[in-house]
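One structure is given here, and the rest of the page talks about it.
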Number of protein chains: 2
Amino acid sequence: MKKYLEILKKCPLFDRIEEDRLLTVLDCLAAKVISFDKKYTIMAEGNAAKYIGIMLSGSAQIVQIDYYGNRSILSGIGPTEMFAEAFACAEVGAVPVSVIANEPCDVMLINCDRILHTCRNNCGFHQQLIFNLMKDLATKTILFHQKIEITSKRTTRDKLMAYLMFQAKKAGSHRFSIPFDRQELADYLEVDRSGLSAEIGKLRREGVLESHKKNFDLL
Amino acid sequence: MKKYLEILKKCPLFDRIEEDRLLTVLDCLAAKVISFDKKYTIMAEGNAAKYIGIMLSGSAQIVQIDYYGNRSILSGIGPTEMFAEAFACAEVGAVPVSVIANEPCDVMLINCDRILHTCRNNCGFHQQLIFNLMKDLATKTILFHQKIEITSKRTTRDKLMAYLMFQAKKAGSHRFSIPFDRQELADYLEVDRSGLSAEIGKLRREGVLESHKKNFDLL
DNA sequence: CTCCATTTGTTGAAAATTCAACAGAAATTC
DNA sequence: GAATTTCTGTTGAATTTTCAACAAATGGAG
């Protein structure tokens with residue numbers, strides 16, 4: 001567990017938990033670590049929603065696959081980030097999404113009950129964890145607002161531009177790279193991949209942007 | 001303030017706060033009540049995100065208006081429900097949405113700082129309020145998941161059917177009524193109103209559903 | 001380096017959405 | 001209760017997306 005301390009220190013769940021107490025906390029929470037290979041399913045839609053996930057290394061995506069096989073990417077998850085926390089906290093029965101590994105990754109799983117309901121040792125840090133969870137959930141809600149703001153646009157072009165603007169703002173520069181390949185970006189924007197490629201080509205010819213793979217430059 | 005106690009008891013923020021302490025709590029939080037007429041703006045996009053809102057009577061909608069004037073409805077708000085809590089809790093500068101009154105309504109506003117940061121009187125209920133906020137934010141996150149699941153469908157028909165299925169499930173019956181008129185439903189589903197009307201007509205002729213205004217019956 | 005699998009860009013046809021305009025129904029106002 | 005405003009459904013044309021198929025470019029494995 002020790003080797004993950006550097007990552008865990010940066011996880012929003014453990015904000016303001018002193019490093020020298022972190023191991024004790026993890027013990028009290030009965031945290032466990034599981035490794036997954038690329039493309040493996042970390043959580044499957046329909047699974048019991050008991051666990052909060054923390055990505056320790058590697059990356060994954062939160063996806064929904066509908067009826068016809070259309071994939072919708074809700075978000076990407078990188079090291080220090082949490083996932084499935086809303087389903088665990090809201091105590092809904094099952095997760096309505098799947099979490100799929102992008103690459104080999106290590107994941108920490110914590111049974112949410114251990115956080116929400118004070119343990120018999122009365123460890124005293126539960127209040128801080130609950131506060132941190134609240135902050136995290138508020139942040140996630142805002143990310144969803146952004147995704148909805150982007151995907152509520154009616155054309156591929158407008159969705160793409162809205163997404164790129166957000167990314168530029170986040171990067172603090174007109175040059176930035178995105179965490180998605182073309183198919184993934186299409187699944188995040190909820191549009192057709194080939195139409196997306198065509199639109200990027202058109203924007204390039206119009207001199208609105210330059211792009212090479214995952215790198216973009218808004219002119 | 002007293003006349004709102006019955007409503008406030010049912011607000012998730014005050015879950016497990018005893019009724020006879022509620023007035024004290026409201027006082028400590030410096031809660032205030034403001035009334036709005038139909039169509040009035042309760043919060044405007046860009047306003048400081050300091051306050052958590054609680055709808056006491058009447059109803060409102062959370063909307064985003066883009067560049068071209070397209071309205072996107074994020075959700076509807078009825079009595080006992082909270083709004084803007086994510087922006088206040090995440091301590092982002094400004095609210096990225098507007099809240100518009102559907103009808104005359106009374107709204108309680110609470111400065112979020114008063115909840116998050118324990119007051120000097122050390123009232124002791126802040127922990128419960130933070131826990132309640134966490135629960136509420138988790139629930140809101142799930143509602144956004146549902147909206148994304150619905151709007152990520154590619155056709156008006158699929159969006160509409162996904163929405164109606166959720167409503168039927170929520171109502172626990174194949175007969176139910178929805179909280180939106182046609183234009184509002186279109187703005188929630190992020191589709192064209194006339195196309196939506198056409199699709200409802202088609203589904204009716206196909207015998208998939210019956211509908212009269214806001215009332216639906218899935219056959 | 002070569003082969004193979006994956007990713008990206010392009011195209012044209014089919015399908016669906018959006019847009020604008022209008023008419024009838026319903027609700028509200030005075 | 002008459003007049004006016006709002007809401008709903010319908011239509012056809014223009015725009016846009018989706019779908020399928022393919023070729024070029026890229027990247028990795030052996």
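All chains are named by letter (A, B, ...) in the order of the sequence lines, taking the proteins before the strands, and each is independently numbered beginning at 1.
At least one donor-acceptor pair under 3.5 Å links the side chain of A/Ser98 to the backbone N or O of A/Glu45.
Within residues 176-199 of chain B, the residues that have a heavy atom under 4.0 Å from DNA chain D are, in order of number, B/Asp181, B/Arg182, B/Gln183, B/Arg193, B/Ser194, B/Ser197.
Listed pair A/Lys213 / D/dG27 meets the phosphate criterion, a side-chain N or O lying under 4.0 Å from OP1 or OP2.
Note: CD1 (B/Ile200) to C1' (C/dT17) measures 16 Å, nearest angstrom. The nearest whole Å value for the distance from the NZ atom in B/Lys159 to the P atom in D/dT17 is 12 Å. Atom pair A/Met161:CE and D/dT16:P shows a separation of 16 Å (rounding to whole Å applied). Atom P of nucleotide C/dT28 and atom CG of B/Asp37 are separated by 16 Å, given to the nearest angstrom. In this structure, B/Leu160 atom CG and D/dG9 atom P are separated by 11 Å, rounded to whole Å. Spacing between atom CD of B/Glu103 and atom P of D/dT6 amounts to 18 Å, rounded to whole angstrom units. For the pair A/Arg204 CZ and C/dT10 C1', the computed distance is 12 Å after rounding to whole Å. When rounded to the nearest whole Å, the span between CZ of A/Phe216 and C1' of C/dT8 equals 12 Å.
With A/Ile42 as reference, A/Val107 is the one residue of A/Val107, A/Ile77, A/Asn47 to meet the side chain to side chain contact (heavy atoms under 4.5 Å, CB included) rule.
For the atom pair CE (B/Met134) and CG (A/Leu133), the distance works out to 6.0 Å, reported to the nearest 0.5 Å.
For the pair B/Gly58 and B/Cys105, the tightest heavy-atom approach, listed with the atom from each and the gap, is CA-CB, 3.7 Å.
For the residue pair A/Ser152 / B/Glu190, no side-chain donor-acceptor distance below 3.5 Å is found, with atom types taken as modelled.
Between B/Asp217 and B/Asn215, every side-chain heavy-atom pair lies at or beyond the 4.5 Å cut-off. Put simply, the side chain of A/Asp136 reaches to within 4.5 Å of the side chain of A/Glu85, judged on heavy atoms.
Remark: B/Lys147 qualifies as a cation-pi partner of B/Tyr188 under the 6.0 Å distance and 45° angle criteria applied to the six-membered ring.
Aromatic ring centres of A/His145 and B/Phe144 lie closer together than 6.0 Å.
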What N/O pairs connect the protein and nucleotides 14-16 of chain C at under 3.5 Å? Give each pair on its own line.
none

